[in-house]
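Some notes on the structure that comes next.
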Amino acid sequence: MKDTKKLFYIIVGLYLLIIFFPFFWVFITSFKPESEIWGSEALKVISSNATLDHYKALFKANIFNSLKNSFIIASFTTVYVTVLASLCAYSIARLKFWGKRLLLAAVLGTSMFPQMIVVGPIYRAFVGLGWINSYWITLPYSMITLPVAIYILVTHFTKIPKELEESGMIDGASKIRIFGEIILPLALPGIFTSAIITFIGVWNEFLLALTLNPNSSYHTATVAISFLRGQFTIFWGQVTAATVVVTIPTLIIVLVFQKQIISGLTSGAVKE
Amino acid sequence: MKKLFNFIEDKLGYVLIIPALIFIFAFSIIPIAESLKYSFFDFQLNSQQKSGIYFTEHYNVTLATETFEYVDYYLDTELEVVEKSKTVEQIKTFRTEMISKEEEVLNLLETNEGIIQVSDSDLEFIHQMNKWVYDGLEKIYSNDEPFVLEEDIFLVASELDTSIIVPNFIGFDNFKHVFLDLRVRYALLITLIFTVASVSLELVLGLMVALIMNTAIKGRGMVRTLSLIPWAIPTSVAALIWAYLYNGSNGIVALLFEKMHFIGASTDLMLTANGALISIIIADVWKTTPYMALLLLAGLQIIPRNLYEASAIDGAGKIKSFFKITLPLLKPSILVALLFRTLDAFRIFDLIYVLTGGGPGGKTESISIYAYKMMFAQTRFGYGSALALGMAVVVALIAYFYIKVLEVELISD
């Protein structure tokens, strides 16, 4: 019995080591001077000439501007997608209307479709409207985030006890008031969960950002960082520094909102 | 106001879904329908004649008028170098007549810019006019003169034919081509190898981690939180991290693999087809196993503890209770996780795009990468759309298969 426990700890330790090693290695590389990244000193853990040069160079490389773009686009998308999804999910979870099954099928179906299908037509429409290289990219992000948000919220709304609405109905409250004053406050944790998952989804998106915002001043962080790999030489010092900077917002979100994220990820995946 | 309120109250079910529905229509359903349309055309953005969807003959009036201007300007230049007065006269008459022909055609079409649909009789007129221009130019240049722009002028004049747009509807040709294209077969093979290898590794490792996390170990909450990080970072960032670890000259993983004799030299990892594919699989397993473990852990946590106690009383060992209790009860969670993961893996784009770019030499090209290259590197939107639709069909089949299995499971409960 003791031995299995020991084995478990060894496996978990190994698992954490494998998860963490890449981050650790990138982190220490970002402080090494370029000369130590190459050649015989490449495997040295602590550099004797640690430097912040690579981080300083990032100011020139547009990384901070791209973080700003990502932040604006992700925030805006999160707000409107969460509002739309809350309304829609409540309707699906609680109200009766014709075509509900069809709507659910459409929502689930579009989330399974390869994004590659919509990119071409959306690109052409954006060229036509003059929306290439702009924050309008937030609109097509509904395509990837809305189905997931609706899905998470439907599971949350169905968990709210029906009796609360029924007692409101007996008191003669309108459906709009019941939704606004009884349901919404109770659903806030679920709404928050869906908002976090939406934000991460947009923050991490790559394909639409790559095609719709090709100009470097409108790059999002995911695209900007992929462009750091030059054609011929790669300045790993800068690349690793940029990686560290871009990873920090995600780390903060994960550590602060871990409970919501886990609930969002597992809702629907588990049959209760 | 009251009326509006009553209407909303009455039809609240519909009112609440309409905003979301508008977005789903605008950014999913309409683009999918558009893409389906593209796939029936030889639609190429960078080709003058194929950069639109044309069922019938069209005429590029803008291009034609521009061409006339250039021809006229070139002839004007030639006037300065020609020596015989006969040729001067010939060029002058030709220019006046050409301008009047151009006016005639613009009057006929009632426009002087854009790309417009033309009738058969208009088209006949345009063809005759073009022939007249070419013949006239031939005659001028058959004179023995020190012309300077002979080659250029014929090249420019040929744009008059380019202005005539023939329909680019090609029926199922794009789809036929998808079936015959060897690059598609190779990309499909790569995608399938990647999907099967990464998803099955992630399932086995994820299940192992989830089972251990489900026992009472210390620091379980911390392990769970840390597991979120690889999942939460952008795929392009993960790809870049691994690109650094894999690189042939100072990548620590590449050097490690060389030391362990998995590969001959550290540079082989990213420069050979197998090495690059394995690198992609490892990076994906690293990023997604923790996510898989979390999904399965959530499934494990709802299995009632007393089932295990009961089976322990019956004298069943750990291994027996795993196969008799854990696995059957976890099956729905496993299938849902597998469904999500298989669909994601089959559509893989970001990781390959940033890590290998489909290289070396196209050897790690997935279907998504190939479709992307067709659309945005070669601007062949028609063929690219056909590829993406083909991918959607396979995705639908995978989803259908899993959902069928899931349903059977749920009914048999």
Side-chain angles (χ1 to χ4, degrees), chain A residues 8 11-12 15-16 19 22 25-26 37-38 42-43 84-85 87-88 90-91 95-97 103 106 110 112-114 116-118 120-122 139-140 142-143 146 150 174-176 200 203-204 206-207 211 222 225-226 236 239-240 243 246-247 250-251 254 258 261-262 265-266 269-272, chain B residues 8-9 12-14 16-17 19-20 23-24 27-28 31-32 34-35 38 209 212 215 217 223 225-226 228-230 232-237 240-241 244-245 249-250 252 290 294-295 298-299 302 332-333 336-337 343 347 349-350 354 368 371-372 375-376 381 384-385 388-389 391-392 395 399:
Chain A
F8 282 178
I11 294 175
V12 170
Y15 165 76
L16 291 181
I19 286 182
W25 200 247
V26 160
I37 293 173
W38 301 93
L43 298 184
L84 294 186
L87 301 179
C88 184
Y90 176 67
S91 184
L95 301 173
K96 285 198 188 84
F97 61 92
L103 177 67
T110 50
M112 286 176 187
F113 257 72
M116 204 52 79
I117 288 190
V118 301
I122 289 177
L139 296 180
S142 63
M143 189 251 168
L146 204 48
I150 291 176
S174 65
K175 280 190 238 166
I176 299 172
I200 296 178
W203 185 273
N204 292 357
F206 185 72
L207 179 61
T211 46
T222 49
I225 201 167
S226 77
W236 287 117
V239 171
T240 49
T243 307
V246 171
T247 309
T250 309
L251 271 183
V254 168
Q258 40 158 318
I261 295 173
I262 290 177
L265 285 185
T266 51
V270 182
K271 281 222 100 45
E272 287 179 45
Chain B
I8 293 176
E9 176 74 15
L12 194 62
Y14 290 111
L16 294 183
I17 61 167
F23 273 80
I24 292 174
F27 297 104
S28 297
I32 290 170
E34 276 285 290
S35 211
Y38 292 177
V209 174
I212 294 176
T215 63
I217 59 161
V223 176
T225 306
L226 296 179
L228 280 174
I229 295 170
I233 61 161
T235 311
S236 62
V237 171
L240 214 54
I241 292 177
Y244 172 56
L245 302 179
S249 41
N250 57 358
I252 189 165
L294 288 177
L295 289 189
I302 55 165
S333 299
V336 173
L343 294 186
R347 296 178 290 194
F349 177 78
D350 311 10
V354 180
S368 289
Y372 177 83
M375 279 196 262
F376 291 97
F381 272 48
S385 295
L389 280 167
M391 198 162 81
V395 163

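Note on naming: letters A, B, ... go to the chains in the order of the sequence lines (proteins, then strands), and numbering restarts at 1 for each one.
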Distance check, rounded to the nearest 0.5 Å: [X] atom [atom1] versus [Y] atom [atom2]?
X	Y	atom1	atom2	value
A:I225	B:L240	CD1	CG	5.5 Å
A:W236	B:Y244	CH2	OH	8.5 Å
B:L12	A:K175	CG	NZ	6.0 Å
A:L251	B:L228	CG	CG	11.0 Å
A:W25	B:L245	CH2	CG	9.0 Å
A:L207	B:D350	CG	CG	7.0 Å

A:N204 side chain to B:A232 backbone, donor-acceptor under 3.5 Å: yes

Contacting region of [X] [heavy-atom separation from chain B under 4.5 Å]:
X	result
A:I117	both
A:I261	side chain
A:L95	side chain
A:I11	side chain
A:F113	both

May I ask you to test the B:V354-A:F206 pair for a side-chain heavy-atom distance under 4.5 Å? yes

Under 4.5 Å between any side-chain heavy atoms of A:I19 and B:L226, yes or no? no

Any idea which of [options] has the most non-hydrogen atom pairs under 4.5 angstrom with chain B?
options	value
A:L103, A:T222, A:T240, A:V246	A:T222
A:P114, A:S91, A:G120	A:P114
A:T247, A:L139, A:I262	A:L139
A:V12, A:V239, A:T211	A:T211

Chain A contacts, top residue of [options] (heavy-atom pairs, under 4.5 Å):
options	answer
B:T225, B:I8, B:V237, B:T235	B:T225
B:V209, B:V223, B:L389, B:I252	B:I252
B:I233, B:T215, B:L294	B:I233

Part of [X] lying under 4.5 Å from any heavy atom of chain A:
X	answer
B:V395	side chain
B:Y372	both
B:A20	both

What closest approach, in Å, do [X] and [Y] show between heavy atoms, and which atom pair accounts for it?
X	Y	value
B:F27	A:P140	CD2-CA, 3.7 Å
B:M391	A:M116	CE-CB, 4.1 Å
A:V118	B:S28	CG1-O, 4.1 Å
A:V26	B:I241	CG2-CG2, 3.7 Å
B:P31	A:P121	O-CG, 3.3 Å

